[in-house]
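First comes the structure, then the notes that go with it.
Naming convention: chains lettered A, B, ... in sequence-line order (proteins, then strands); numbering from 1 in each chain.
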Protein chains: 2
Amino acid sequence: MMLETRSQATISRILDVARTLFLTKSYADVSMASLASGADVTKGALYHHFAGKEELYLALLHRDLKSKGLLFRQSVDAPGTARERLARLTRDFLTLPREERALIRLVRRDINIFHDPVRANLIAAYQQALPNCVGSIIEDGIKAGELRPQDTRLASWHFVAMVEVTLTPYANGVLGDVNAKLNHVLDLFFRGSAA
Amino acid sequence: MMLETRSQATISRILDVARTLFLTKSYADVSMASLASGADVTKGALYHHFAGKEELYLALLHRDLKSKGLLFRQSVDAPGTARERLARLTRDFLTLPREERALIRLVRRDINIFHDPVRANLIAAYQQALPNCVGSIIEDGIKAGELRPQDTRLASWHFVAMVEVTLTPYANGVLGDVNAKLNHVLDLFFRGSAA
DNA sequence: ATAATGACATACCGACCGGTCGGTATGAGA
DNA sequence: TCTCATACCGACCGGTCGGTATGTCATTAT
């Protein structure tokens, strides 16, 4: 019974290394050997805990989706104006540890590595988690008259795109402060750029 | 002397296939053999014209950057309000053949495959081509009082991010018409989403 | 006429990768 | 203490990939 904990610790170590490596290198460039050595186990241990490379990758996403889903739901369920709720959601996202933030962009990069429709759907679900949260807030904002009627899906993607682009290396150094980034996105989204 | 034309034709065929393959598969998953067979030559021909896989990839970007740079400059140099010029630039981009549009997103995906700083800079230059064009238009708009003063770099990235997201598969089917996409981005960027 | 060059084809190498498998160490339960 | 499942090791395999060495043939220069 206590061995389950040991197993979970190993699995956790493997997934932590996987997160780091998959973020810095492309999917194909991350070898099972490098994952093993990074987690201080052998390849045999990897295949003991995971059916294969793809399953390991998906397990990584699944673990992350669970924790993020919990975090995001709090922002969506929170009361307040659409702007306040979007601000909270975005702040929660931007103040996440760097690697956890980057994961959600990783999936956009690796979107077409799985040809199996079931796995592709898993990836898609993960990818749409944040836009869906934004979308429901925007929908409420439209109903409340706070936002003008528009295509909710597209508006969500536009909003998320602006948030994500602040994580791009090229945007770093431009605005270092989270609050500044946050306000820039919110101002642009609500009031636009016109003078 | 006439053989140069034959060479160029072969090179062009190789780069065309490379564009298609690199867009549908990840960098590592595109093999030199598949590039060769797709271009109806052998691997020997590839290594005759290109020093290696990386050089081939960079040549692909370089060829595309030249043609896009020409196109974009026309929009930047055009007269009119910032909104008109951004509209033209965006329209030029959105009406590009599908594969040429997608190339600029491809680079964002493969940003971290080259560890050599020289090559990484080439990638970065390619990646910043469109944002730079947008940036200079925005700058003019601010000077003309058409746009409120703001961080030009970040605003450019926000604008480009919104344009690019309309190319995402998940945005397809939402707004099929180029004009509709264009207007949605411009409206959001200038006027915001507030009621 | 012949040497030289450019544009390929063919055959092959070494490295590496995902995955397998027989075996071992460990620790819980009877 | 015996049993047995689980966690893990390490050698190995088939296959693929980037890259190279060498040959062939048409064209061009001398």
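Distance, A:H48 NE2 to C:dC21 C1': 14 Å, rounded to whole Å. Regarding B:E55, its CD atom lies at a distance of 12 Å from the C1' atom of D:dG19, rounded to whole Å. Distance CD1 (A:I11) to P (D:dT6): 13 Å, rounded to an integer number of Å. In this structure, B:Q8 atom CD and C:dC8 atom C1' are separated by 16 Å, rounded to whole Å.
With C:dG6, C:dA9, D:dC8 as the candidates, the nucleotide lying closest to the side chain of B:A45 is C:dA9.
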Expected rows: protein N/O vs nucleotides 16-20 of chain C N/O, under 3.5 Å:
| unit_1 | atom_1 | unit_2 | atom_2 | d |
| --- | --- | --- | --- | --- |
| C:dG18 | OP1 | A:V30 | O | 3.2 |
| C:dG18 | OP1 | A:K53 | NZ | 2.7 |
| C:dG18 | OP2 | A:M32 | N | 2.7 |
| C:dG18 | N7 | A:K43 | NZ | 3.1 |
| C:dG19 | OP2 | A:Y47 | OH | 2.9 |
| C:dG19 | OP2 | A:K53 | N | 3.0 |
| C:dG19 | O5' | A:Y47 | OH | 3.4 |
| C:dG19 | N7 | A:K43 | NZ | 3.1 |
| C:dG19 | O6 | A:K43 | NZ | 2.4 |

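Among residue pairs with one or both ends in residues 113-125 of chain B, those qualifying as salt bridge (Lys or Arg N to Asp or Glu O under 4.0 Å) are B:E54-B:R119, B:E55-B:R119, B:D116-B:R119; sequence neighbours excluded. A side-chain hydrogen bond (donor to acceptor under 3.5 Å, both in side chains) check over residues 32-42 of chain B, counting only residues at least two apart or in different chains, returns the pairs B:S31-B:S34. Listed by first and then second residue, the salt bridge (Lys or Arg N to Asp or Glu O under 4.0 Å) pairs that reach into residues 122-138 of chain A come to none, sequence neighbours excluded. Residues in residues 136-145 of chain B take part in these salt bridge (Lys or Arg N to Asp or Glu O under 4.0 Å) pairs, two or more places apart or across chains: B:R85-B:D140. The list of ring pair (Phe, Tyr, Trp, His ring centres under 6.0 Å) pairs with a residue in residues 49-82 of chain B, not counting sequence neighbours, reads B:F22-B:Y57, B:Y27-B:Y57, B:Y57-B:F114.
Between A:S7 and D:dT6 there is no side-chain polar atom (N or O) within less than 4.0 angstrom of OP1 or OP2. Proximity of A:H49 to the phosphate of D:dC8: a side-chain N or O atom is located under 4.0 Å from OP1 or OP2.
A:R83 has a carboxylate O that lies under 4.0 Å from a charged side-chain N of A:D187, or vice versa, which qualifies the two as a salt bridge.
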